[in-house]
Amino acid sequence: MFNKRKLLLILSVTTGFFVSENVQAQSDSVGLETVTIRGFAPERFMSGLKVQKMDSSALNNFRFQNISDLLSLYTPLAFKNYGHGQLNTVSFRGTSANHTAVLWNGLNINSPILGQTDFSTIPVAGFDELSVQYGSAASIVGSDAVGGSILLGSTAPAQSLHLSIGRQQESFNNSQTQLTAQYGKAIHPKHIFSGKTSVYDGRIQNNYPYTERRKYAILPSETFQRGLVQDLFFQSANGRELSAHVWLTENNLTLTPEDTAGREQTFTKAYRTMIRYGHKAFHFRTAWVRDIIDYAKGDLSRPDHAVTDKFSNRLEKDFSYAFGNNSSIQVKAGGEWTYYRAQVAGYVSPVNSENRSDLYVLTRLQATSRLLVSVNLRQAFVTRYNPPFTPSLGTEYYVVRNPEYHLKLKGSVGKSYRVPTLNERFWKDLGNPDIKPENGWNKEIGLEQNYLPDNHHSFYTSLTAYHNRVKDWTYWNASRNYRVENLQQVLAKGIELQAGWKNSSSEWKSGANLNYALNKSTQEKAYDAYSLDIIGKQLVFVPVHTGSFIAFIQHRSTRLTAQIQTTSKRFATFDNTQHLDGYMLANLLAETTLHLNKAKIRFQGQINNISDAFYLNVRNNAMPGRSFALSLIISYNQPAKIKYF
Amino acid sequence: MNKQLIRLAVTASLSSFLWSCNQSDPTPKGNYVQGVFVINEGNFSQNNGAVSFFTREQTTAEADIFSMVNNAPLNGGVQGYAEIGDLGVVLVDNSGSGLDKAVIVNSNTFETVTTIGASEIENPREIVAAGNKVYISCWGSNADYSYKTGYIAVIELPSNRFVKKININSGPENLVYNNGKLYVGTVSYGGGKTLTVINTSTDEIEKTIALNGAPAPIGIDANGKLWVSAGTQAIRMNTETNTAEATLAIGTDQNKSASNFTFSSDRKTIFFVLSYSDANYISHGETYKFGITDAQIDVNTPFIKRLFTGLSVDPSQGLIYAAVTPSYAQAGYAVRYRTDGSLVDSIKVGVAPTGFFFK
């Protein structure tokens, strides 16, 4: 009843369209994806929504940096940054930091107490795959996916043995070291074992040779970051797959570390563990995540302590029916149950626990070879109250579909919701047990084209317009002593343009990517006399215009990359009376790889902020000027690839 | 809480300012020779405080004169401002540790003269001018919020010399200078109930006066008496004997707190804000007044039915200047009232206005 081969075929076709700008870069791992993607990829039900898969060469360029460095160049996501190595939250399509779901192998890893992710604690070294899904996909991924989702994934290795050691040394006494081992072996004619063990250690000391830039102070800070990633995969020829995933992270940030009386330390730890099992159409996942935040000021020995545990189980069953020549319908029905337990110093009761569960049905109808329709339904249940029923409808239609040219029209309408964070409900005095879940409607329409004039060139363009209205938007209301309320109604609307070009011949490769986004994100409702000053004004720290341009040229194993990102002014107050100026940053990267038998040595040199541009962070402190980084990666590859079934 | 440094600065430094003016160039040059300065605390985490300025005839303000003149920001919340002659001192509180400072400017042009930073100035609260010195109440590092690291910083002008720190417990806050004596109050949640008197010729603590609540010195009235608020009481003190002559209850509701005390221009009336937070953490409050010879304070009839984050009276025109903070995330307003409580106008200023300085 489950036509796996057909599903895999459909999958690789659609994935190919989603990632058409980087098909070449992925070619060495295509065989793997068909095996690993089936269990968790929510992307296949995201018809009509924009999903951007990051190219492995981009991940490779950024492997010593954090995810926000990469996303701010390759996507229109705007980051609310407090400084290098400091708190960094996202605004996706003009929404707040709470409106982006960050999924690790399908599990939402936003902090349950804060409802958001500090992107400075997510290094690119922590995962193998990265996709960015634009717009609300709450019917598919659940709470928080209001502005968009970031999908991080682990993949089974391709090589039977791959070892690498890497080190990056940067200006200001900043460095990162990484060790990775990937391994795999057939342990039985019908069973394969493979895995990855990786550790990273980052030291951001920020020893700037200046204490201010253009008379704006630079806040001294240091960050020590460590992590361990362990993935294990067991796969059998009859379609069983068992995998275990562990991701442990530690991030220790200290502001003004020299000032022992006034320093502020935020020490976060995350223990993320997961076991997945799949057999044919059944998929089961169980996960346990513990987040710890210790905050101390001055005396670091007695921090405020917050621990949250999240225990999550999910069961899914896939159904697939084929009819006619080109038509098929796939259905994924699933249920998820999550138990939360939080011990937070500032909460009313010392221990708070709650249950959340979700039931969902995701469908994907390939009506004709040109028309694809997805209908997704989800109902979430939360202890004490229930979020809204969340449906979505998406469709994609090939207006033109030739081997050398594709033109696709897509559209989507979906409900979104966000379950209030634990802080919003349980925080002493300022929390609000009666706070309602936010809800909204996201509508979008897009056009995507691919042009492959010959075997060397490929062109990709996508244009998307969206309209996302969020009601009961929560706000820590300053005029009520920062008590949280469902005060705002926000309309975020905009246009995104992405274009890519790639060229490759036997010796030379080159390519360029262009991104531009226009985003108007405004408060729609007045809630007191003086809020008239903020109606219709752009939300704080959400730029109206963002753009980036990346170009590279490669000769054999030597590659030169230029990156430019630009951001228009960001308002600092809700009435738009104050703003931080717009800026443009440019980076230059050069890398070369030496091949020595089974070993490879990669050198990379990087100049960041090459023009020494001046810009400010949300604290109104200066960001650093030009900096340099050198990295070296030595790797060993056993040439034999793992033979998957 | 009690953001009254302007009034303090006005009441205490006016005489020395006039004296200084008499000594110096009779017609100083600059854009800020005459008018109203507004102290804006800004949003603490954004370090976006500012000094706004308008002349008395204007109905619009320049939101941030320091940035405009110096092409650089103050880089923090503005806590206070005082002047001695041609020099002004702006107190700046940054959200990061070690970045607080007292910025000394030309008081007529607002150009920076010099800056005194950490470790002399840490978590500055209020400033008052006395003779050729300014006194700045500071909480110190106060990392554990136990209010044990506070002090008064003494800076001499025009030499811009840091003179010394005088240790004060419980979070030193409001300051009043009168006739060789500096009266130091403490913040309401600092746990202290002691008014400290500092002799400004020796810069040593001369006396401490125990009261029934956290003391906030208000100023010297038309009869030369010192007024101090302590908890829900207003106390009239004899400055010679340092003893209370009258103790007036500010209502009987212990949930309400009185703040932003200020004198009328004839120094015979005291205005103040009485406020409380309801179960939903919404602040409510009104503005009241009483006379310096009244036997009791009437808290049944508000003078203005509004709550303000700052309150001052322009000594030259007598108009009441009230600061409105709609939220820390948008610009506030300076609202002007006549002495009968009727509204004159409203001027948009910086974020979180808390006080005014008149010249």
Side-chain angles (χ1 to χ4, degrees), chain A residues 82-83 211-212 214-221 255-264 296-300 302 429-430 432 475-485 527-534 537 539-541 571-578 580 616-622, chain B residues 40 42-50 63-64 67 70-77 92 94-101 112 115 117-119 122-123 140-146 149 277-283 307 309 324-333 346 348-352:
Chain A
Y82 284 78
T211 56
E212 55 178 38
R214 295 198 194 166
K215 299 181 190 166
Y216 280 82
I218 289 200
L219 186 69
S221 75
L255 303 182
T256 61
E258 304 291 315
D259 179 354
T260 50
R263 64 189 169 185
E264 280 179 80
K297 190 170 181 189
D299 174 10
L300 306 180
R302 287 178 296 115
D429 302 339
L430 307 182
N432 180 352
Y475 175 57
W476 295 85
N477 190 354
S479 57
R480 287 194 178 190
N481 195 22
Y482 288 104
R483 193 167 193 250
V484 68
E485 294 180 296
Y527 46 86
D528 62 30
Y530 285 98
S531 68
L532 287 173
D533 283 353
I534 69 177
K537 301 279 168 60
L539 290 194
V540 292
F541 301 117
F571 292 106
T573 54
F574 281 116
D575 57 356
N576 293 180
T577 52
Q578 292 187 5
L580 306 179
L616 292 170
N617 64 31
V618 296
R619 264 203 192 94
N620 233 347
N621 289 331
Chain B
N40 303 289
N43 188 7
F44 185 59
S45 64
Q46 290 183 276
N47 297 309
N48 61 348
D64 183 356
S67 293
N70 297 286
N71 287 317
L74 282 164
N75 243 324
V92 179
N94 188 286
S95 62
S97 178
L99 296 172
D100 299 346
K101 59 196 173 184
T112 306
T115 294
S119 58
E122 197 140 21
N123 288 315
S141 58
N142 194 34
D144 58 359
Y145 301 96
S146 65
T149 53
S277 289
D278 68 14
N280 292 318
Y281 299 90
I282 303 173
S283 290
L307 173 71
T309 51
V324 172
T325 302
S327 111
Y328 290 101
Q330 69 188 90
Y333 289 84
S346 149
K348 190 183 271 194
V349 293
V351 175

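It should be emphasised that the depicted structure is a prediction, and the values quoted were computed from it without experimental measurement. Every chain is numbered from 1 and lettered A, B, ... according to where its sequence line falls, protein lines coming before strand lines.
- Annotation: side chain of A:Y82 is not in contact with side chain of B:S45 (no heavy-atom distance under 4.5 Å).
- Between chain B and the options A:G298, A:A217, A:P220, A:S531, the largest number of non-hydrogen pairs under 4.5 Å is found for A:A217.
- Annotation: the span from A:D259 atom CG to B:S119 atom OG amounts to 9.5 Å, rounded to 0.5 Å.
- Contact count versus chain B (heavy atoms, under 4.5 Å) is highest, among A:G262, A:S221, A:A296, for A:G262.
- With respect to chain B, the highest number of heavy-atom pairs below 4.5 Å among A:D533, A:L255, A:T211, A:L430 belongs to A:D533.
- Between the side chains of A:Q578 and B:N48, at least one donor N or O lies within less than 3.5 Å of an accepting N or O.
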#### Entry: Derivation and outcome, side-chain contact (heavy atoms from CB on, under 4.5 Å), residues B:D144 and A:D299
CA-CA 8 Å; B:D144 58 359; A:D299 174 10; over 6 Å; no

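- What you find for A:A572 and B:Q46 is that their closest heavy atoms are O-NE2, 2.9 Å.
- Contact check for A:Y216 versus B:P73: side-chain heavy atoms found under the 4.5 Å cut-off.
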### Task
Would you check, one step at a time, whether the test side-chain contact (heavy atoms from CB on, under 4.5 Å) holds for B:N75 with A:E212?
CA-CA 11 Å; B:N75 243 324; A:E212 55 178 38; 6.0 Å; no

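- Looking at B:A331, the atoms closer than 4.5 Å to chain A (heavy atoms on both sides) sit in the backbone and in the side chain alike.
- With values rounded to the nearest 0.5 angstrom, B:S97 atom OG is found 6.5 Å from A:K297 atom NZ.
- For the options A:T256, A:N432, A:D429, heavy-atom pairs under 4.5 Å to chain B are most numerous at A:D429.
- Side-chain atoms of B:V351 and A:T573, non-hydrogen and from C-beta on, do get closer than 4.5 Å to each other.
- Going from atom CZ of A:F574 over to atom CG of B:N43 covers 9.5 Å, rounded to the nearest 0.5 Å.
- Side-chain contact between A:N620 and B:N94: absent, with no pair of heavy atoms (C-beta onward) separated by less than 4.5 Å.
- Heavy-atom distances place no part of B:F44 under 4.5 Å from chain A, backbone and side chain included.
- In this view, A:I218 and A:Y208, A:Y210, A:R213, A:A622 satisfy the side chain to side chain contact (heavy atoms under 4.5 Å, CB included) rule, not counting sequence neighbours.
- With a threshold of 4.5 angstrom between heavy atoms, A:E258 does not approach chain B through any atom at all.
- A donor-acceptor pair under 3.5 Å is absent between the side-chain atoms of A:D575 and the main chain of B:Q330, judged by distance alone.
- Interface remark: A:V540 contributes no atoms to any contact with chain B (heavy atom separation under 4.5 Å).
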### Task
Under the side-chain contact (heavy atoms from CB on, under 4.5 Å) rule, what do B:S95 and A:R619 come out as? Steps first, then yes or no, please.
CA-CA 8 Å; B:S95 62; A:R619 264 203 192 94; 3.7 Å; yes

